[in-house]
Structure formats: C-alpha cells, structure tokens
Amino acid sequence: MLYTVTMVPLLQRHSYTASMQLALWVAMVSIVFQQFDDFMMPHFTLNFLTIAGMGVAVVMYWIPTLRYLSVAAFMAALAVSFGKDWYAAANHTWLAVWTLVPVVLFARWWEEEWYLHYIRLTLGVVMIAAALQKIIAGTYFDGSYIAWMNNYGSTTETMFSFLCAPGEVCGWYALLGATSVIWQFVVGLFLLAGWKNLYILTVEVAFLLTVGLFADEMNFQVLNIALLCMAFRFGMPHWLAYICLVFLGLDLIGISDLVATYL
Amino acid sequence: MNYLVADWKRYVLFALLTVHTLWIAHHIYLATRDGVNPWKMGGYAMYVEPKRGVAVDVHMLNSDGTVQDELIRNIDLYDLYQGNLNFNVYCKPVTEKSLIRFVEDNEFLEYTDVRLELFAYRFAANPLRTDPYLIGITDIRWLSDGRFAYEVKMCGDEVDREGVVTVEL
C-alpha cells in the first residue's frame, strides 16, 4: 500500500503535455516561495495582494478548466509585483518575467514552437551572459569569489572550506570556479544550438541543486530547473517535481540554519 | 497581410528576445565600468562578486564648508534609497524629490547642513576584501524659511544637479 502511494506516482510515465505543464507549475511555485518573505510582512500592501494572488493561482492551476485563467492571473500578478519594484528585484525575478509572462500569449504553449524556441534562446543567452560576466570579472578563474564565500559565507557556502587554508585563494577554488563557468558556457551553447540532450539536462539539474544548496538559494535553482525542463522539451517528471518542492520547503526555513542547527 | 496579423505573437516574442539581449549586453558594459550593481537590474552578474550595496554616510557640514568626521546616526534613509533606484545605477544623480523626502523623514536635521557620502564596494583578492570607494557626494545647505540648497556630484567632481527647494516644516 505504502509502495503504491509513494512510489507509483514517482515512477509513472507522463504525457508530454502533462510533464510540460508540471514544469510550468513548479516554476510558478518557485516564484511564490521566493516572494514569501514579503507575504509575511505585517502590512496589507500591494506586494501582499500580488503574492496572495499568485498563491491562489498555483492552486487553481490544478483545476484543468481553470488552468489558462490561473496562468494568466499569475502572470498578471507577477508583472504588477515586478513593475512596482523592478529596480530592487532580484535578477531571477527578471528572468521569470522575461520567460514566463509571455506564456499568456498561448493557451497551448507547450505546442507552440516559437514560445519554446523563445524560452530556449532566452535561457541560452542568459547562461552565456552569466558565464561572460564571470570571465570578465576574473573572480572564478582565479578562485577568489569561491574563496570569499568559503571564508565569509553562510554555513552552506563554506562547504568547500576544507580544501584550502583560511583566507587562502588556492588552486582548488580556482578549479571549482573555472569548472562552474565552463559548464555554464557549455549549457548555454547547447541551449542556443537547440541540442536536446538528456545527459546535459541531468548533469545541469544536479549541478543546479548543488549550487542551490551551496548558496542557500534554492528557489532560483528550481526556477532554472523548471525552465530548462521546458526549454529542452523533456518536461518535468513527478520525482523531480517532488525533489524541487522539498528543497523549496527547506529553503523557506533556511538550509544554512538547518545545517547549523542539526549538523 | 493575413499571415502577418496571424503571427503577431511571434513578432512580440522576437522583439522581447531582442530587447532582453540588448539590455544584457548593455548591463555587461555598465557592470565592467562600475556603473551598475552587478547583482541587480536584470544583468545576471550575481555571484560574480560579493553582494554589492551602496552605503550612505551622513556628516554635518561646517559653515566654512569643511566636513565633520563624526557620522550622524539613526537616519531614516528608506525614501532616499527608494527615490534613487536603491542606488543600483551608481552614477545616476540623486533626485531632488528624494532629498525633500530625506529632509521630511529626518526632522531632527532641520536647519542642519549635511553632506551625504555614497560608497560602493569593490571586491579584491590577496587578501580577500571589499574596499569601499566614494561614488557620490550630496551637500544640503539650509538658507532660511524652510529653504535649502543642494548640490549633487556623482562619479566625479562635476556638479550633476543643483537647486533650491522649499519644504514645509
């Protein structure tokens, strides 16, 4: 019985449509979780209303007849929330707005070649740009930023501090930094070229989850994972959605705080 | 013609992708010249270096124009930040409206001449550190009857904005 309840949904094969719709839902949930702190503010502000609206929309999403309406309502709330504080918004909120808001143009977006190309190319440009910024700054190839986080970061950001002496910028940090940048560049190239590769996506998902744990910022990584699942057109399997939801829940508490408390 | 109308959504997507890409390129240009906060404004340079914010120090100005070393503390800077895009665009001159709000938010500074010093931080290795550097100065000098004059210098010694404002006190 327990096996049936827990394992069967994880192992089930789902249609292309269902898994793509699940990916969009997880992306929407990651945005709600990211803005949860604003929701907990004691004031009945516009932010409160927009986040509450997004929360209602992600629940409505599970009613098939209301699905398009819920997506439209969610994107309207996201656009309003972003428009109010665009200059203070995190870069991943910008990414969510650029990639997800246009989904309202298409009732059956998962069948719309141009929208799927749009997400893929947008993510490709963003990955290449993010890698370029790191190369120009030089802080990854010399390992200095990884060293900074391992010396002055939160609990999880110091997870590689055993590699080098305190305060030192050693070769291991440079190796970690360079590997991250090169990998980001490779994923960007795959996206721009439209090479659909399950192995690349699998490694990238593992990479993003690790980075999410390291930086204690899981909502951004979950958004990326969901968008990549859409861009590569594999959709999101249930088991990956469960993992993402668990990590979003942990992120709400604060992974660094949990590690510091229990480990 | 019908084909063009039917495909308007595709043109919207193409336009969005183009604008987004151009903005990212512009952000890279600005970020490499310390013109914008790498973590903000939609440029994807977060985690390139430690989180950057701009700090605002407030000092009292003497009548001879010299600045007192001691910081004035417990200042409400919320509206000053909000009125200047949180200082995420480093060389954008401080706005007149935000200075009025700053004065209104900090009534205890009425008729006190002050200098606002804006600092950003630059990341450096060997040893690992973040060095503050001055990005702007704004002087507020009170005249009389609720009027003050202000002078804003950002990213250099040239005056970027100046004026005289009357506030209701």
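Below, all heavy atoms of this structure are taken into account, side chains as well, without hydrogens, waters or symmetry copies. Every chain is numbered from 1, with letters handed out A, B, ... down the list of sequences. All of these numbers come straight from a predicted model, not from anything done at the bench.
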If you tally heavy-atom pairs under 4.5 Å between each of A/Glu168, A/His92, A/Gln133 and chain B, the highest tally belongs to A/Gln133

Item to complete: Return the option, out of A/Val126, A/Thr122, A/Leu121, with the maximum number of heavy-atom pairs under 4.5 Å with chain B.
Response: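 Top option by heavy-atom pairs under 4.5 Å: A/Val126.
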
If the plane angle is over 60° it's perpendicular, under 30° parallel, otherwise tilted; pick one for A/Trp94 and B/Trp23.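 Aromatic pair A/Trp94/B/Trp23 classed parallel.
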
Counting only heavy atoms closer than 4.5 Å, note whether [X] contacts chain B via side chain, backbone, both or neither.
{"X": "A/Trp148", "value": "both"}
{"X": "A/Glu113", "value": "neither"}
{"X": "A/Ala89", "value": "backbone"}
{"X": "A/Ile136", "value": "side chain"}
{"X": "A/Tyr152", "value": "side chain"}
{"X": "A/Phe82", "value": "neither"}

| Can you find a pair of side-chain heavy atoms, one from A/Leu132 and one from B/Tyr44, that are under 4.5 Å apart? | no

Original post:
Quick one: does A/Trp114's side chain get under 4.5 Å of B/Tyr11's, heavy atoms only?
Top reply: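 No; the side chains remain at least 4.5 Å from each other.
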
Return the minimal non-hydrogen interatomic distance between [X] and [Y], and the atom names on each side.
{"X": "A/Tyr87", "Y": "B/Asn88", "value": "O-ND2, 2.8 Å"}
{"X": "B/Gly43", "Y": "A/Asn91", "value": "N-OD1, 3.5 Å"}
{"X": "A/Gly167", "Y": "B/Leu128", "value": "O-CD1, 4.2 Å"}
{"X": "B/Leu13", "Y": "A/Pro102", "value": "CD2-CB, 3.8 Å"}
{"X": "A/Tyr145", "Y": "B/Pro50", "value": "CE1-N, 3.3 Å"}
{"X": "A/Thr139", "Y": "B/Val48", "value": "OG1-O, 2.5 Å"}

Presence of salt bridge, A/Glu112 and B/Arg10, under 4.0 angstrom
yes

#### Entry: Greater than 12 external heavy atoms within 6.0 Å of B/Asp131's CG
yes

Taking distance alone, no hydrogens or angles, what donor-acceptor pairs closer than 3.5 Å link side-chain atoms of residues 140-148 of chain B to residues at least two apart or in another chain?
unit_1   : atom_1 : unit_2   : atom_2 : d
B/Trp142 : NE1    : B/Thr112 : O      : 3.2

